[in-house]
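Notes follow once the structure below has been shown.
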Amino acid sequence: MTETSTYVADGIAAGLSTYPHPRPVMDTGALAEAVRVQLGTWVTAGFGIPVPSPEVFAAAPAESVSRLLAEVAERSWGAGADGDAEAWGVAHLFYAHAESLYAAQGRGDAYLLGALYSLIVARAHLRDGYEGRFELSPFDNDRRTINETALIETIRVQLATWAPATFGTVVQIPDRWEMRTAADLSDFIADVTGTAEAKYGDMDDDSVRGMAHLANARAHGLKAGYGHGDAYVFAALRSLVLAAANLA
C-alpha cells in the first residue's frame, strides 16, 4: 500500500470511528494523571522528587497534584538552566502550583489543564534550557474553560518546545491564530509524524517508544479532526507528552 493510500485509509477509519483505541476520557482523574505522567518525565531526575503511583493520585486527583507541585516549586530554585531559562521555568512552575491550588479548591478541571500547560513550558526551560517565550496560560481570557481552543494551544506549545529542536527546522510551528480547529491540529500532527518517520529509519528502544506515542497522537488527532470530541484532542496531548520524553 502506498503512503498516500495509507493516509486515505487512516482518514476513513477516523471518520467511521474504527480506530482500535479505547474511547478517551477527560475528567479530573484523567487530567491529574496527565500531570503525574508529565512530571514523571523529568522531576525525579531533575529534583530527586519521587512521583507517586497512579493509584495514589486516583484517590484524590486534584489534591495530589497540588501537594506534589508544592514540593516541586520549593525545590525549583537553582535548577541550573542557563540565562533566563531558569527564571522563566521557575515562574511557570509557580504558576502551575497556583493553578493546582485552585483545582484542589474545587474551582474546576480547567485549572488542571492550566497546570499541565505551565509544567510543559517549565520542563522546556529547566530541563532543556529553552530560551523562547510563551504565555502563562493557554486560555483566551481569564475565564478557565476546557475547550478545543485551550487544548489545541497546549499542544501547539508542547510541540514548539521540542519538535523543531529534535527533528530540525523543517518542522514549522504555526502561530496561535493559524491553528484554531481540530482539523488544523490533525494536519499538523501528521506533518510532525511524517518528519519523525523520515528521521528515525534506524531506531533504538527510545525511538521505538517515542514513535509509538507519536502514532497514537496522530490517531487521536484524526479522530478529533473528524469531530469526535475534545477528549481526543486531550488524548493526543497525553501521547505527545510521552513522545517528547522518549524522543527529545
Side-chain angles (χ1 to χ4, degrees), residues 24 26 29-58 61 64-76 79-81 85-86 88-97 99-100 112-132 134 138 151 154-167 171 189 192-193 196 200 203-218 220 233-248:
M26 184 173 58
L31 285 157
E33 175 61 9
V35 171
R36 190 194 71 83
V37 169
Q38 203 279 338
L39 286 167
T41 68
W42 65 290
V43 299
T44 301
F47 304 129
I49 299 173
V51 175
S53 67
E55 292 75 18
V56 171
F57 260 55
S64 296
V65 169
S66 180
R67 285 194 298 269
L68 182 56
L69 286 182
E71 185 176 1
V72 174
E74 183 179 353
R75 296 199 197 179
S76 62
E86 180 180 341
W88 281 106
V90 170
H92 279 282
L93 268 184
F94 275 85
Y95 202 81
H97 181 220
E99 296 280 85
S100 72
L112 288 176
L113 178 62
L116 177 60
Y117 170 93
S118 290
L119 288 172
I120 287 168
V121 180
R123 178 185 187 270
H125 287 308
L126 296 176
R127 178 184 178 276
D128 304 325
Y130 185 83
E131 294 284 354
F134 296 109
L151 289 164
T154 303
I155 288 178
R156 189 189 72 85
V157 168
Q158 196 271 347
L159 284 167
T161 64
W162 68 279
T166 302
F167 305 129
V171 176
I189 293 176
V192 172
T193 303
Y200 291 110
M203 297 190 289
D204 56 21
D205 289 344
D206 284 342
S207 298
V208 170
R209 284 191 292 268
M211 290 302 300
H213 290 303
L214 262 185
N216 281 336
R218 181 170 180 271
H220 292 311
V233 184
F234 174 62
L237 173 60
R238 292 180 64 173
S239 292
L240 289 170
V241 166
L242 291 168
N246 286 278
L247 296 175

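One-based numbering along the sequence shown. Below, each value reflects all heavy atoms present in this structure, side chains not excepted, and no hydrogens, waters or symmetry copies.
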With side chain to side chain contact (heavy atoms under 4.5 Å, CB included) as the criterion, how do Leu126 and Leu93 come out once you've worked through the C-alpha distance, each side chain's angles and the decisive distance to 0.1 Å? CA-CA 10 Å; Leu126 296 176; Leu93 268 184; 3.6 Å; yes

Look up atom [atom1] in [X] and atom [atom2] in [Y], then write down how far apart they are to the nearest 0.5 Å.
X: His92; Y: Tyr117; atom1: NE2; atom2: OH; result: 6.5 Å
X: Leu39; Y: Arg36; atom1: CG; atom2: CZ; result: 9.5 Å
X: Ile189; Y: Leu159; atom1: CD1; atom2: CG; result: 6.5 Å
X: Leu31; Y: Phe234; atom1: CG; atom2: CZ; result: 4.0 Å
X: Leu151; Y: Leu116; atom1: CG; atom2: CG; result: 9.5 Å
X: Met211; Y: Arg218; atom1: CE; atom2: CZ; result: 10.5 Å

Residues two or more places apart in sequence or in another chain: which of them pass ring pair (Phe, Tyr, Trp, His ring centres under 6.0 Å) with Phe57?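 In terms of ring pair (Phe, Tyr, Trp, His ring centres under 6.0 Å), with neighbours along the sequence ignored, Phe57 is linked to no residue.
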
Between Glu71 and Arg67, is there a salt bridge with N-O shorter than 4.0 Å?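 A salt bridge is absent here (no side-chain N lies under 4.0 Å from a carboxylate O).
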
Compute the ring centroids of Trp88 and Phe134, then answer whether they are less than 6.0 Å apart.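 That pair fails the under 6.0 Å test.
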
Indicate the atoms forming the closest heavy-atom contact of [X] with [Y], along with that distance.
X: Ala115; Y: Ser100; value: CB-N, 4.4 Å
X: His213; Y: Ala243; value: CB-N, 3.7 Å
X: Ala70; Y: His97; value: CB-NE2, 3.4 Å
X: Pro61; Y: Ala32; value: CB-CB, 3.5 Å

If you look only at distance, which donor and acceptor atoms sit under 3.5 Å apart when one is on a side chain in residues 40-55 and the other is two or more places apart or in another chain?
{"residue": "Thr41", "atom": "OG1", "partner": "Gln38", "partner atom": "O", "Å": "2.6"}
{"residue": "Thr41", "atom": "OG1", "partner": "Arg123", "partner atom": "NE", "Å": "3.3"}
{"residue": "Trp42", "atom": "NE1", "partner": "Gln38", "partner atom": "O", "Å": "3.4"}
{"residue": "Trp42", "atom": "NE1", "partner": "Gln38", "partner atom": "OE1", "Å": "3.1"}
{"residue": "Thr44", "atom": "OG1", "partner": "Ile49", "partner atom": "O", "Å": "2.8"}
{"residue": "Ser53", "atom": "OG", "partner": "Glu55", "partner atom": "OE1", "Å": "3.3"}
{"residue": "Ser53", "atom": "OG", "partner": "Val56", "partner atom": "N", "Å": "3.4"}

Evaluate Leu119 against Leu69 for side chain to side chain contact (heavy atoms under 4.5 Å, CB included), listing each step before the verdict. CA-CA 9 Å; Leu119 288 172; Leu69 286 182; 3.6 Å; yes

Using the side chain to side chain donor-acceptor pair (under 3.5 Å) rule, collect all pairs that involve residues 234-248, keeping only residues at least two apart or in two chains.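 Sorted result for residues 234-248: Arg209-Asn246.
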
Where do Leu247 and Phe167 land on the side chain to side chain contact (heavy atoms under 4.5 Å, CB included) test, with the steps shown first? CA-CA 9 Å; Leu247 296 175; Phe167 305 129; 4.0 Å; yes

Closer than 3.5 angstrom, by distance alone: can the side chain of Thr161 be matched with the main-chain N or O of Gln158 as a donor-acceptor pair?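 Pair found, side chain donor or acceptor close to backbone of Gln158.
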
Minimum side-chain heavy-atom gap Leu237-Ile120 below 4.5 Å: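 Result yes, sub-4.5 Å side-chain heavy-atom pair found.
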
Is any side-chain heavy atom of Leu214 closer than 4.5 Å to one of Leu240?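 They are in side-chain contact.
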
